[in-house]
Amino acid sequence: TVPRRRPPGSAMGCGLPLLLLPLALLAAPARAEGSTAAAEEVQIEVLHLPEACSPKSKKGDLLNAHYDGFLASDGSKFYCSRTQNEGHPKWFVLGVGQVIKGLDIAMMNMCPGEKRKVTIPPSLAYGQQGYAQGKIPPNATLIFEIELYAVNKGPRSVEAFNQIDRDGDKKLSELEISQYLKEEFARDGKKRHPSAHDEILADIFKKNDHDGDGFISAKEYNVYQHDEL
């Protein structure tokens, strides 16, 4: 995905169990540099809209998409997702700052199979600083051509929490998460070192059990601020 302040090309791993990405992830809100022109907006042109448009993307959903990035000034391409990660589409959570603010806005209410061309002003991209390493100059307006492949329930969704919380006590125990990890490992069928389970489990609690009580509460898990929990 195109990161907030890192050069394009960084991506969430494809095919990983959803729990591994979510429970270890603490996404920061996106904040554009030089956002003095608050009235600037993302321009969206729908290039293709499939007949069946469901589900539509919303904040917190896990999206799978390909996109190319161009500089509006001269049309030069600075990013192509198809040349990254062996050409696999990118996985990222929408609306939580894993991509630049303009893309978070541009990909809302989008359906699987839809294609869009979007124009993002500097205030919702890399602002006055630009990003030299990503070949993005200061005050650059960006154009992205996006093809969305999948819209899944986000890894921090209420449904995911309830699936792990087998006893329904609104907190996740080590045993519950351990069991869920085993099931996810079995489901994806990838070979892993025997120690991987324990290492991942320990890392999940280290990053999410903020009060150290041995449980991950709904509040600690729910970084996307859903109201249902």
Side-chain angles (χ1 to χ4, degrees), residues 1-14 16 18-38 40-44 56-69 78-79 81 84-85 89-110 116 118-134 136 138-144 146 148-158 160-161 203-204 207-208 210 216 218-229:
T1 60
V2 180
R4 291 189 301 125
R5 292 292 167 243
R6 297 191 299 273
S10 173
M12 296 171 69
C14 296
L16 286 174
L18 295 188
L19 184 71
L20 307 192
L21 300 173
L23 286 175
L25 174 66
L26 295 176
R31 184 166 50 192
E33 298 284 346
S35 54
T36 55
E40 290 187 300
E41 296 180 353
V42 174
Q43 299 175 26
I44 299 174
K56 288 190 175 183
S57 60
K58 63 183 183 303
K59 181 179 179 181
D61 281 344
L62 183 67
L63 305 188
N64 186 232
H66 264 316
Y67 43 83
D68 296 336
F78 64 84
Y79 180 75
S81 64
Q84 306 290 327
N85 195 29
K90 304 304 181 186
W91 287 101
F92 64 96
V93 179
L94 182 65
V96 299
Q98 290 185 354
V99 293
I100 57 173
K101 183 67 173 177
L103 277 178
D104 269 338
I105 295 170
M107 296 184 70
M108 291 286 184
N109 298 310
M110 198 171 179
R116 290 181 177 181
V118 303
T119 303
I120 300 174
S123 61
L124 298 174
Y126 291 90
Q128 296 176 354
Q129 291 184 346
Y131 201 95
Q133 191 173 347
I136 300 173
N139 299 309
T141 296
L142 307 181
I143 296 173
F144 285 92
I146 306 164
L148 183 60
Y149 293 100
V151 177
N152 297 327
K153 290 185 182 298
R156 294 272 184 163
S157 67
V158 175
F161 184 92
D203 188 61
I204 287 170
K207 292 181 177 178
N208 294 273
H210 304 305
I216 297 175
K219 183 178 180 180
E220 289 170 328
Y221 174 91
N222 195 29
V223 296
Y224 301 152
Q225 302 303 311
H226 292 289
D227 295 327
E228 297 94 329
L229 288 174

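For the single chain, residues carry numbers from 1 onward in sequence order.
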Do any N or O atoms from the side chain of Gln128 and from the backbone of Asn139 form a donor-acceptor pair under 3.5 angstrom?
no
Any Lys/Arg nitrogen of Lys101 or Asp104 sitting under 4.0 Å from an Asp/Glu carboxylate oxygen of the other?
no
Please report the interatomic distance CZ(Arg116) to CD1(Ile44), rounded to the nearest 0.5 Å.
5.0 Å
Output yes when a side-chain donor or acceptor of Ser81 lies under 3.5 Å from a complementary backbone atom of Pro89, and no otherwise.
no
Minimal heavy-atom distance between Ala140 and Ala125, with the atoms involved, is O-CB, 4.5 Å
Any chance you could measure Glu41, atom CD, to Ile120, atom CD1, to the nearest 0.5 Å?
13.0 Å
Met108, Lys59, Lys58 screened by side chain to side chain contact (heavy atoms under 4.5 Å, CB included) with Leu94, the one that passes:
Met108
Test side chain to side chain contact (heavy atoms under 4.5 Å, CB included), reference Ile100, set Leu124, Ile136, Leu142, output is Leu142
Across all chains, not counting sequence neighbours, the side-chain hydrogen bond (donor to acceptor under 3.5 Å, both in side chains) partners of Lys56 are none
Return yes if some donor-acceptor pair links the side-chain N/O of Ser57 with the main-chain N/O of Asn109 below 3.5 Å, else return no.
yes
Under a 4.5 Å cut-off applied to non-hydrogen side-chain atoms, are Tyr67 and Val99 in contact?
yes
Aromatic centroids of Tyr79 and Phe144 separated by under 6.0 Å:
no
Can you confirm whether or not the ring centre of Tyr131 sits under 6.0 Å from the ring centre of Phe78?
no
Once rounded to the nearest 0.5 Å, what's the spacing between atom CG of Leu103 and atom CD of Gln98?
12.0 Å
Asn64 side, atom CG; Tyr149 side, atom OH - distance, nearest 0.5 Å
8.0 Å
Under the criterion side chain to side chain contact (heavy atoms under 4.5 Å, CB included), I'd like the reasoning laid out for Ile216 against Ile204: C-alpha separation, chi angles, the key distance, then a yes or no.
CA-CA 9 Å; Ile216 297 175; Ile204 287 170; 3.7 Å; yes
Would you sort out whether Ile146 and Val118 count as a side chain to side chain contact (heavy atoms under 4.5 Å, CB included), showing the intermediate values?
CA-CA 8 Å; Ile146 306 164; Val118 303; 3.9 Å; yes
dist Leu63:CG -> Asn152:CG (nearest 0.5 Å) comes out at 8.5 Å
